Amino acid sequence: MGMLEAVLMTIATAATPLLIAAVGELVSERAGVLNLGVEGMMVMGAVTGFGVALTTGSPWLGIFAAIAVGALFSLLFAFLTLTLVTNQVATGLALTLLGLGLSGMLGESFVGLPGVKLTNIDIPFLSDIPLIGRLIFGQDPVFYLSILLTAGVAWFLFRSRVGLTLRSVGDNHGSAHALGINVILIRYLAVMFGGACAGLAGAYLSLVYTPQWVENMTAGRGWIALALVVFASWRPWRVLAGAYLFGAVTIGQLHAQALGIGVPSQLLSSLPYLATVVVLVLISRNRRMTMVNTPASLGRPFVPDR
Amino acid sequence: MRIELVKRPQQSALYSALSPFIALALTLIAGAIMFSLLGKNPLDALYYYFVDPLREMWSLHELAIKAAPLILIAVGLSICFLSNNWNIGAEGQFIIGAITGSILPVMYPDLQSWIILPLMLIMGVIGGAAYGFIPALLKTRFNTNEILTSLMLVYVAQLFLDWLVRGPWRNPQGMNFPETRNFHQYAILPEIWPSMGRANWGFVFALVAALVAWFMLSRMLKGFEVKVLGQSPRAGRFGGFSASRMVIFAFLVSGGLAGLAGISEVSGAIGQLRPTISPGYGFAAIIVAFLGRLNPLGIIAAGLVLALSYLGGEAAQISIGVSDKVVRAFQGMLLFFVLGCDTLIHYRVRFVGSTAHKAEVSHGNA
């Protein structure tokens, strides 16, 4: 495996968790719910995935458990914001703080243990094609799932009837309610989808990216995923582009650190965070574009008045 | 059965006062369940968490040390949240304030005079405010989401501090430990009552900040402006208030207070810079702000409660071997219950049985 091929493969592994979490959040935001708890749901997924894979020996069981826990954990947020109509920003923050706290507590006994790694798929012959072979045909299964997920969500939102309904709920919940659409139910399902994706993204971190458990191992990736949704103006394929851009920045700075190019490693480590700020500035400065793209009911509370 | 919310004609004064207490009670119940799941006697655990630290004078002083940064930061955050500005990067502003405040004792240790400490505090405030100014400027100039930018800057600040204490600011006589030189005597924030315990003037700063903010919010035009722009930007514009100047104001105040908290913590409780100077005060302060119902006087009480949870965490780890990781889970639950209980202030909650609902619908059709 050549150097370039190795770099490209690691970019894909760095981008995949961002992509999965961001696509999930995109669905939730398209339904009008801003869930700032991505970081918390992701870290819960990471600790669950690691723990279940470790005790059962099966990374797949770990992944399924992480998806379930992500969805259940997001249900807490959904109950508060949708049924009790609490402030979405504050409740999302609460979910993140709770997730970081709970995962640290649950994962304490896992610190330092060797993890179980999900093995890569290796399609015979095709993966032997030079340069692109392993890149396209020799990745881990979740990588393929992430691409399918993006395509599926893109199709669902813009080509299916239910997707149209979901977007209408996010753009104008009053009208959607007047048309007899069950706004609250659709939002519950959208939030849980986002939670399931965040759980999967977290399990990817602790089972594929770095197969181990470290407290706070998401390291702000949930927040970067939230920024990616804004960056992508709420469109799935642009989320994919953004995730790979961030994957490239992350891996690029890691290689620069390994080469020791005379720049402090801390400066290089802060590049993904600084890049997020820069990208947000570039994308948000066009106010009209942002206005047009943002789901109009995003973050607004909804109480059905019969 | 369904849960249905009926909007109250006006806020319930009763639940405004009660909701933080209901939330605390629910957190204690949930905590008791959590401890029994961990195989500990829940009553013992709660005793060590919430009663034991209050029994001795020295530990009350420790409580004040932990409460000071929480109250200082949360008071600033309450102005932000009331004006609908979501500064969640206080942890970063705390760190930068600690760094800029430490410039004099670390880089010019030979300057020794009583003037050093006041200068350090001022520089800490300026540093924190300047760091808070970044997301505010990006929001007003480029319409950037302040939640995400302020949070990203936390990671940048943590890495910057890490670089400083391992690199240029490392103590030359420190056996290569990642920490700066110890602050000299003129750079140490004095203790309030040295014979009784360690509590320093940081706690006094916190009380003063809370009182000033309370006066501003309840008695001054500026406080009215904060609340109007937060609740209805349109009404604020008609009133002649500028929303973008409010963004800058809120971030400068909360950044400055977080910076003051940072330099007070470093010059008071720690005495030098280290790679980690905060057990997440900037984030716990978000919980303090909401538990105090965004009222600076309530925040004093809420800050003491959260400080107690930190102290109790240490006590419980020593006495019954519960991990200190439990503390953050506790704090997260508390915010959940606080937000949930606040619903009671604005809405009457009704539990509607499915049969009753059907009857109502058929009645409506008839």
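What you see below is based on every heavy atom in this structure, not just the backbone, and it leaves out hydrogens, waters and symmetry mates. The shown structure was predicted, so the numbers you read here are calculated from the model rather than taken from an experiment. Every chain is numbered from 1 and lettered A, B, ... according to where its sequence line falls, protein lines coming before strand lines.
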Between [X] and chain A, with a heavy-atom cut-off of 4.5 Å, which part of the residue counts as in contact: side chain, backbone, both or neither?
| X | value |
| --- | --- |
| B:L334 | neither |
| B:F283 | both |
| B:I134 | neither |
| B:F336 | both |
| B:W163 | both |
| B:D162 | both |
| B:R166 | side chain |
| B:L339 | both |

- Item | Qualifying residue for side-chain contact (heavy atoms from CB on, under 4.5 Å) with A:L226, from B:L151, B:L148, B:I147, B:N145 | B:L148

- Item | Selection from B:Q331, B:Q158, B:M152 maximising heavy-atom pairs under 4.5 Å formed with chain A |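 The residue among B:Q331, B:Q158, B:M152 with the greatest pair count is B:M152.
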
- Query: Among B:G340, B:A329, B:P135, who wins on heavy-atom pairs under 4.5 Å with chain A?
  - Reply: B:A329

If I measure from the heavy atoms of chain B, does [X] come under 4.5 Å with its side chain, its backbone, both, or neither?
| X | answer |
| --- | --- |
| A:L271 | neither |
| A:I283 | neither |
| A:L95 | both |
| A:V281 | both |

Is there side-chain contact between [X] and [Y], with at least one heavy-atom pair below 4.5 Å?
| X | Y | answer |
| --- | --- | --- |
| B:Y155 | A:T276 | no |
| A:N87 | B:W86 | yes |
| A:L98 | B:M333 | yes |
| B:D342 | A:T86 | no |

- Residue from A:T81, A:L282, A:N216 scoring the most non-hydrogen pairs under 4.5 Å with chain B is A:N216

- Query: Under 3.5 Å, is there a donor-acceptor pair between the side chain of B:T343 and the main chain of A:L84?
  - Reply: yes

- Query: Got a sec: does the CZ of A:R287 have more than 12 other heavy atoms crowding it under 6.0 Å?
  - Reply: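 Yes, because the 6.0 Å sphere around CZ of A:R287 holds more than 12 heavy atoms from other groups.
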
